[in-house]
Amino acid sequence: MLNHLEQFLPNNEPESLKNFPFFWISQVNGKYSQLIEKSIKKLGIDNTRRKIILSTNALGEASITDIANLSTLKLTTATKAVYRLVEDGIVEVFSSATDERISMVKLTDKGLSLVEQINQISAVTLAGILNAFSEDELRYLNQQLKKLFELMPSS
């Protein structure tokens with residue numbers, strides 16, 4: 001079935017892990033999360049809240065479920081974090097006009113200001129890393145990661 005690709009799957013050999021693409025995706029994501037978490041600490045938010053703020057900004061008014069999905073967070077985690085952000089005055093929660101059972105979220109002016117600050121910090125933090133790639137390399141990397149994502153079954 002995967003004979004020609006076995007070299008890219010982990011096996012009993014410790015070194016095989018380094019040929020496994022998802023090992024590197026996990027490593028990059030872990031390092032990225034640590035780097036960003038350290039950088040945004042001065043804003044008084046953690047990585048979970050950052051993801052929710054940026055996802056809400058990208059979606060505009062959105063349900064907590066949609067925000068959780070875009071943020072790659074469990075719904076319970078996202079819900080708890082959203083209500084902490086409400087307490088901090090960063091988002092507002094209200095019932096959907098079409099279905100009152102659905103909680104909708106939108107950024108406040110304070111939240112929109114945080115988006116700008118997060119993006120500025122991210123740009124400064126990641127500039128040196130991204131400058132090591134050409135625009136074509138970054139486009140290709142994004143294409144390949146998108147392809148991987150689209151091939152993955154949804155849960």
Side-chain angles (χ1 to χ4, degrees), residues 1-88 90-91 105-108 110-155:
M1 177 165 76
L2 289 174
N3 290 344
H4 68 289
L5 298 175
E6 283 182 6
Q7 64 179 321
F8 299 106
L9 295 170
N11 58 42
N12 293 338
E13 297 297 320
E15 286 296 308
S16 71
L17 197 56
K18 293 182 181 173
N19 290 329
F20 184 48
F22 292 97
F23 167 79
W24 290 112
I25 290 170
S26 177
Q27 293 296 303
V28 168
N29 183 59
K31 259 190 166 179
Y32 168 76
S33 294
Q34 289 173 347
L35 185 62
I36 291 298
E37 183 101 36
K38 184 179 174 184
S39 299
I40 62 171
K41 194 173 188 177
K42 58 186 125 205
L43 297 177
I45 59 172
D46 59 18
N47 215 19
T48 298
R49 292 182 195 192
R50 177 192 65 84
K51 287 179 170 186
I52 290 171
I53 291 166
L54 294 180
S55 293
T56 303
N57 186 59
L59 296 169
E61 293 181 2
S63 69
I64 295 176
T65 301
D66 290 341
I67 292 166
N69 289 338
L70 187 59
S71 302
T72 62
L73 296 169
K74 291 181 181 178
L75 182 57
T76 55
T77 302
T79 302
K80 289 176 191 174
V82 163
Y83 283 100
R84 287 194 318 256
L85 290 169
V86 168
E87 291 171 9
D88 295 339
I90 295 167
V91 299
V105 182
K106 74 175 185 175
L107 293 171
T108 63
K110 183 177 180 180
L112 292 169
S113 175
L114 261 178
V115 168
E116 287 183 35
Q117 293 174 56
I118 291 166
N119 288 338
Q120 288 172 352
I121 288 170
S122 295
V124 169
T125 303
L126 300 173
I129 297 163
L130 294 178
N131 278 330
F133 295 88
S134 70
E135 287 182 33
D136 286 341
E137 287 174 319
L138 288 172
R139 276 190 204 93
Y140 182 73
L141 177 60
N142 279 334
Q143 288 170 350
Q144 297 306 302
L145 291 171
K146 182 180 178 189
K147 182 177 179 179
L148 265 177
F149 177 82
E150 290 171 349
L151 290 169
M152 300 287 291
S154 297
S155 53

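Here the straight-line distance linking atom OH of Tyr140 with atom CG of Leu138 works out to 13.5 Å at 0.5 Å rounding. Taking CZ of Arg50 as the start and CD of Gln117 as the end, the distance is 14.5 Å to the nearest 0.5 Å. For the atom pair Asn47 CG and Gln34 CD, the distance stands at 10.0 Å (nearest 0.5 Å). Residue Leu54 holds its CG atom at 11.0 Å from CG of Leu59, rounded to the nearest 0.5 Å. How far CG of Asp136 is from CG of Leu141: 12.5 Å, rounded to the nearest 0.5 Å. Atoms CD and OH, from Glu87 and Tyr83 in turn, are 11.0 Å apart once rounded to the nearest 0.5 Å.
The side-chain heavy atoms of Ile36 and Ile121, taken from C-beta on, include no pair separated by under 4.5 Å. Side-chain contact between Leu35 and Leu126: present, with at least one pair of heavy atoms (C-beta onward) separated by less than 4.5 Å. Looking only at side-chain heavy atoms (C-beta outward), Arg49 and Ile90 stay at 4.5 Å or farther from each other. Considering only heavy atoms from C-beta on, Arg84 stays 4.5 Å or farther from Ile52 through its side chain.
Lys51 places no side-chain N or O within donor-acceptor distance of the main-chain N or O of Ala78, the cut-off being under 3.5 Å.
Of all heavy-atom pairs between Ile118 and Ile45, the closest is CD1-CD1, 3.6 Å. Of all non-hydrogen atoms in Glu137 and Ala132, the two that sit nearest each other are OE1-O, 4.1 Å. When every heavy atom of Ile129 is checked against every heavy atom of Thr125, the shortest pair comes out as CD1-O, 4.3 Å. Of all non-hydrogen atoms in Phe20 and Pro10, the two that sit nearest each other are CD1-CD, 3.4 Å. Considering all non-hydrogen atoms of both residues, Leu107 and Gly111 come closest at CD2-CA, 4.1 Å.
Between Glu135 and Arg139 there is a salt bridge, with a side-chain nitrogen of the basic residue lying less than 4.0 Å from a carboxylate oxygen of the acidic one.
Contacts classified as side-chain hydrogen bond (donor to acceptor under 3.5 Å, both in side chains) and involving residues 13-26 (residues at least two apart or in different chains) are given here: Asn11-Ser16.
The 12-atom threshold is exceeded at CZ of Phe23, counting heavy atoms of other residues, nucleotides or ligands nearer than 6.0 Å.
Under the side-chain contact (heavy atoms from CB on, under 4.5 Å) test applied with Thr56, the options Ile67, Leu85, Val82 reduce to a single match, Ile67.
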